[in-house]
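Positions are given from 1, in the same order as the sequence printed here.
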Amino acid sequence: MKNRRIIMENNIKNPYKFVKEISDFIALYDNYISDQGESGVLPVNSYLKIPSLRFVFVVNGNAEVEINGNTHVFTKGFSIALIKNSVVFFKKFSEDYRFFVIEVSDQLLLEAKRKLGLSLDILQLENKGYDFARIDRNQLEFVEGVYRIMIAWMNNHNHIFQKEILKSYANILIISNMTTISEQTIKIKSNKNAVSRQNVVFEHFINMLDQMSDEHRDVKFYADKLNVTPKYLSAITNQYTGKSAIACIEENVIKKIKNLMLEQKYSIHELCEIMNFSSQSFFGRYFKRNVGMSPREYINQHMKKGMMMA
């Protein structure tokens with residue numbers, strides 16, 4: 001394919017113009033930088049089948065787009081990767097929506113994957129058909145700067161190394177974009193795994209309390225059993241309950257004591273022994289600190305009501 005500009009024609013309901021530069025291995029187009037050649041418009045309320053790997057960078061504004069059946073709103077700083085045959089449905093754009101696109105041929109992608117060791121497997125691209133990430137201002141300025149340089153080299157037809165230079169810049173953008181997306185994908189997965197790990201730790205902790213709190217009331221004991229630090233365990237319990245690990249332990253112990261009291265067949269001394277307190281006085285102080293009254297006061301109060309209440 002020779003260098004030429006192409007008009008995109010669909011159900012045209014959006015006035016934003018763009019021009020498209022194409023060589024035999026790369027296409028560059030945008031709706032705000034290029035100012036020469038024939039103009040096209042963005043298709044709204046129409047479908048577009050992606051012909052080859054495409055990177056889209058949002059410079060300003062926002063766009064609501066459906067990709068392979070999933071709707072997303074992309075704003076300034078988003079980088080989107082779309083593989084061949086993905087289907088895009090353009091819903092709407094803000095008036096200040098600005099973007100640029102780098103589209104690479106299958107051959108260039110294969111060369112990049114072979115030379116640079118790239119793999120689409122680490123992204124969602126192979127299964128989902130697309131992926132995206134938010135890049136910071138410096139990254140956006142960098143890729144936009146490379147894009148502008150590529151536009152200039154696309155028009156420099158007489159340079160003997162034009163093709164090699166363009167390929168080099170294309171490889172820079174391919175690996176930069178894929179690396180950014182893959183890093184954010186891995187980070188998201190890592191965060192999900194961390195949340196899953198927290199769920200496991202919390203559930204095991206609660207189960208251990210039900211089985212062991214009548215004998216063990218020290219945070220370090222449970223943290224050691226769970227292979228975490230006491231501080232980390234308290235951070236998890238605070239996240240799930242709003243309480244520290246020691247508060248969860250004491251709450252569980254008091255609940256067990258009240259349930260035993262409900263049976264109305266144990267003396268305070270027997271309760272102390274069942275719950276493995278070192279002394280009756282310590283048992284009394286522990287109960288009063290958490291309930292606000294002594295064990296005897298609690299029992300008498302509920303006995304006067306004619307029943308024991310937990």
Side-chain angles (χ1 to χ4, degrees), residues 1 6 8-11 14 16 18-23 25-33 40-93 97-113 116 118-135 139-140 143-144 146-147 150 167 169-186 188:
M1 215 179 344
I6 293 180
M8 180 182 289
E9 296 179 341
N10 280 92
N11 298 326
N14 189 290
Y16 307 128
F18 69 93
V19 290
K20 183 172 183 178
E21 297 277 2
I22 288 189
S23 73
F25 62 90
I26 193 167
L28 310 173
Y29 54 103
D30 59 77
N31 71 335
Y32 71 107
I33 295 176
V41 296
L42 294 173
V44 178
N45 294 326
S46 60
Y47 288 92
L48 174 67
K49 191 172 184 179
I50 303 301
S52 59
L53 181 65
R54 179 177 293 185
F55 297 110
V56 182
F57 298 91
V58 181
V59 178
N60 200 46
N62 62 81
E64 184 177 345
V65 184
E66 180 184 295
I67 308 174
N68 296 340
N70 301 309
T71 299
H72 302 279
V73 175
F74 296 117
T75 57
K76 180 180 179 179
F78 267 99
S79 168
I80 307 107
L82 301 155
I83 66 171
K84 184 177 182 178
N85 295 326
S86 289
V87 177
V88 177
F89 179 77
F90 300 91
K91 291 189 173 182
K92 59 183 178 181
F93 304 89
Y97 181 62
R98 300 292 182 268
F99 71 97
F100 63 92
V101 177
I102 293 116
E103 185 176 307
V104 299
S105 67
D106 293 342
Q107 179 183 354
L108 182 59
L109 177 60
L110 288 173
E111 290 179 12
K113 290 172 69 174
L116 304 175
L118 292 174
S119 172
L120 299 183
D121 297 338
I122 59 174
L123 309 181
Q124 298 184 51
L125 292 178
E126 292 292 353
N127 296 323
K128 196 176 178 182
Y130 70 98
D131 208 341
F132 55 84
R134 184 180 287 279
I135 59 179
Q139 288 175 299
L140 182 59
V143 294
E144 185 178 4
V146 174
Y147 174 80
M150 292 177 73
K167 282 187 176 182
Y169 281 119
N171 284 335
I172 289 173
L173 291 181
I174 291 171
I175 195 168
S176 173
N177 202 49
M178 284 189 172
T179 300
T180 298
I181 293 176
S182 65
E183 286 176 349
Q184 291 199 24
T185 300
I186 291 170
I188 290 171

Distance-only criterion, 3.5 Å: show the donor-acceptor pairs between side-chain atoms of residues 64-71 and protein atoms not counting sequence neighbours.
{"residue": "Asn68", "atom": "OD1", "partner": "Val87", "partner atom": "N", "Å": "2.8"}
{"residue": "Asn68", "atom": "ND2", "partner": "Lys128", "partner atom": "O", "Å": "3.0"}
{"residue": "Asn70", "atom": "ND2", "partner": "Tyr130", "partner atom": "OH", "Å": "3.1"}
{"residue": "Thr71", "atom": "OG1", "partner": "Lys91", "partner atom": "NZ", "Å": "3.1"}

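Interatomic distance, CD of Glu103 versus OH of Tyr29, reported as 5.0 Å (0.5 Å rounding). Atom-to-atom distance recorded for Phe99:CZ and Ile80:CD1 is 10.5 Å, nearest 0.5 angstrom. Distance check, rounded to the nearest 0.5 Å: CG of Asn85 to CD1 of Ile50 gives 9.5 Å.
For the side chain to side chain contact (heavy atoms under 4.5 Å, CB included) test, residues two or more places apart in sequence or in another chain that qualify with Asn62 are Val73, Thr75, Ser94. The ring-ring contact (aromatic ring centres under 6.0 Å, His included) test applied to Phe100 returns Phe57, Tyr147, not counting sequence neighbours. Take Ser105 and apply the side chain to side chain donor-acceptor pair (under 3.5 Å) test, not counting sequence neighbours, and it matches no residue. Under the salt bridge (charged side-chain N to carboxylate O under 4.0 Å, His left out) criterion, Lys76 pairs with no residue at all, not counting sequence neighbours.
Between Val101 and Asp30, the closest side-chain pair of non-hydrogen atoms is not below 4.5 Å. Looking at heavy atoms from C-beta onward, Ile26 lies in side-chain contact with Met150 at the 4.5 angstrom threshold.
Val143 and Leu140 make their closest contact through CG2-O, 3.3 Å (heavy atoms, listed as atom of the first residue, atom of the second, distance). Shortest non-hydrogen contact noted between Ser79 and Ile135 is CB-CG2, 4.2 Å. Here the closest non-hydrogen pair linking Leu48 and Phe90 is CB-CE1, 3.8 Å. Here the shortest heavy-atom pairing between Lys84 and Ser52 reads CB-CA, 3.9 Å.
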From CA spacing to verdict: side chain to side chain contact (heavy atoms under 4.5 Å, CB included), Ile102, Arg54: CA-CA 6 Å; Ile102 293 116; Arg54 179 177 293 185; over 6 Å; no
